Amino acid sequence: MPELPEVETMRRGIAAIAGSSIVGVERLRCQRRPILIEPRALSRRLTGRRIAAVERLGKRVVLRLEEGERLIFEPRMTGLVLVADPPTREHLRLRLDLSGGPIPHVWYWDRRGLGSVRLLTESQFMERLGNGHLGPDALTISCNKLRERLERSRRPIKVALLDQRAVAGIGNLYASEILHLAGVHPAKRCDLLTALQWQGIHAQMQAVLQLAIRYEGSTLSDGTYRNALNQSGGFQNHHRVYDRAGDSCLTCSRGRITRVVQAQRATFFCPACQTKRPRS
DNA sequence: CATATGTCCTGAGAGC
DNA sequence: TGCTCTCAGGACATAT
């Protein structure tokens, strides 16, 4: 489930294609949803174009082309952006052939096909992802900004952290990890959190995301997520609560990790050290 | 306006 | 062993 650390790892894995030119495009398998324009137009619009920059926008990898056009990879659950051979031939979706740089090909692979690759003009980009569509990036948002954007919400903090319009990049896995390290109960309403709790959430958010980037993300037991070289991430070995239901708490050793469902998503937490009240 | 729910998708794993 | 069923959750559309 690529979230900010996994998508940032993908971005870094293909960052060296900045400055290269696209010399070929092949759509490898029918994608009903992912690519919004017909293959011939995709090839015509991409061939010969130079990649100006490789960026990350929340959980998307963005190739910025000249004249404001952007090719946007949105992996959702099982999408991968690769420079090495993909895990299987079967789920390859798109291949870009490049010249003028160190990387000859970039692939988009997606087993479940919930993800997408979209080519957007400047105006399409602004309409879909511009001002107001995404909050500030979770890696760089200030504590005051985070608090300002969420403190009037009555939603549980775990649910609110997944709202990409509030803050961009956090997904289901890291939301549980962040709140555990901050010692905050996932069901605590945003509007009832103290200043100290906001500081803890903000600090742990950035600490967890930075550490997870250093480990190149989390490859869960299904083994789907890989970096651009088709290698596993390492942060799954450092999860303190995610997918550890029934195990004892690594932080306080008193509680057992509990799984609950919030907004149709699994939440993991320790009932002993994540209290609804502020820690003294 | 804020919040909640349904939808898409495939393959791993559970249970019989 | 082999079948059927459930579940995983990102973003968006639609409903309340």
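Lettering of chains follows the sequences in order, A, B, ..., and the numbering in each one begins at 1. Excluded from the calculations below are hydrogen atoms, water molecules and symmetry mates; all remaining heavy atoms, backbone and side chain alike, are included. Only a predicted model underlies this, so the values are computations on that prediction, with no experimental measurement involved.
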Rounded distance (Å) that lies between atom [atom2] of [N] and atom [atom1] of [X]:
{"X": "A:Gln164", "N": "C:dA13", "atom1": "CD", "atom2": "C1'", "value": "17 Å"}
{"X": "A:Trp109", "N": "B:dT10", "atom1": "CH2", "atom2": "P", "value": "12 Å"}
{"X": "A:Leu220", "N": "B:dG13", "atom1": "CG", "atom2": "P", "value": "12 Å"}
{"X": "A:Leu134", "N": "C:dG10", "atom1": "CG", "atom2": "P", "value": "14 Å"}
{"X": "A:Leu173", "N": "C:dG10", "atom1": "CG", "atom2": "P", "value": "9 Å"}
{"X": "A:Lys158", "N": "C:dG10", "atom1": "NZ", "atom2": "C1'", "value": "12 Å"}
{"X": "A:Asp163", "N": "C:dC12", "atom1": "CG", "atom2": "C1'", "value": "12 Å"}
{"X": "A:Gln264", "N": "C:dT14", "atom1": "CD", "atom2": "C1'", "value": "14 Å"}

If you round to the nearest 0.5 Å, how far is CD1 of A:Ile170 from CD of A:Gln164?
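Atom-to-atom, A:Gln164:CD and A:Ile170:CD1 are 8.0 Å apart.
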Salt-bridge present (A:Glu69, A:Arg49; N to O < 4.0 Å)
yes
Residues A:Glu122 and A:Arg70 bridged, charged N to O under 4.0 Å:
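Here A:Glu122 pairs with A:Arg70 in a salt bridge, since their nearest N and O are under 4.0 Å apart.
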If you check every side-chain atom of [X], which of [options] has the closest atom?
{"X": "A:Arg165", "options": "B:dG11, C:dG10, B:dT3", "value": "B:dT3"}
{"X": "A:Met77", "options": "C:dG10, C:dA11, B:dG6", "value": "C:dG10"}
{"X": "A:Lys59", "options": "C:dA11, B:dT5, B:dT10", "value": "C:dA11"}
{"X": "A:Asn172", "options": "C:dG10, B:dT10, C:dC12", "value": "C:dG10"}

Scan A:Ala266 against the nucleic acid and name what it touches under 4.0 Å (heavy atoms): base, sugar-phosphate only, or nothing.
sugar-phosphate
Looking at every strand, decide which applies to A:Asp222 at a 4.0 Å heavy-atom threshold: base, sugar-phosphate, or nothing.
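Touches nothing.
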Pull out every residue in residues 139-155 of chain A that has a heavy atom closer than 4.0 Å to any atom of DNA chain B, ordered by number, or say none.
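Correct list: A:Ser153, A:Arg154, A:Arg155.
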Return the residues of residues 235-244 of chain A meeting this criterion: a heavy atom under 4.0 Å from some atom of DNA chain B. Order them by number, or give none.
none
Looking at A:His133, does any N or O in its side chain come under 4.0 Å of the phosphate oxygens OP1/OP2 on C:dA11?
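No, outside the criterion.
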Is atom CD of A:Glu151 surrounded by more than 12 heavy atoms (other residues, nucleotides or ligands) closer than 6.0 Å?
yes
Please give the remaining members of the hydrophobic cluster of A:Phe269, linking ILVMFWY side chains under 4.5 Å, ordered by chain and number.
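A:Phe269 clusters with A:Val260.
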Does A:Arg112 or A:Arg265 map to a spot on DNA chain B nearer the 5' end, using the closest nucleotide for each?
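The residue mapped nearer the 5' terminus is A:Arg265.
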Considering residues at least two apart in sequence or located in another chain, which fulfil the ring-ring contact (aromatic ring centres under 6.0 Å, His included) criterion with A:Trp107?
A:His105
Contact list for residues 207-227 of chain A, test ring-ring contact (aromatic ring centres under 6.0 Å, His included), sequence neighbours left out:
A:Tyr215-A:His238
With sequence neighbours excluded, give me every salt bridge (charged side-chain N to carboxylate O under 4.0 Å, His left out) pair touching residues 222-245 of chain A.
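Qualifying pairs, neighbours excluded: A:Arg244-A:Asp247.
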Only one of A:Pro186, A:Pro156, A:Cys270 clears side chain to side chain contact (heavy atoms under 4.5 Å, CB included) with A:Leu179; which?
A:Pro186
Group every Ile, Leu, Val, Met, Phe, Trp and Tyr by side-chain heavy-atom contacts under 4.5 Å, then state whether A:Tyr174 and A:Leu139 land in the same group.
yes
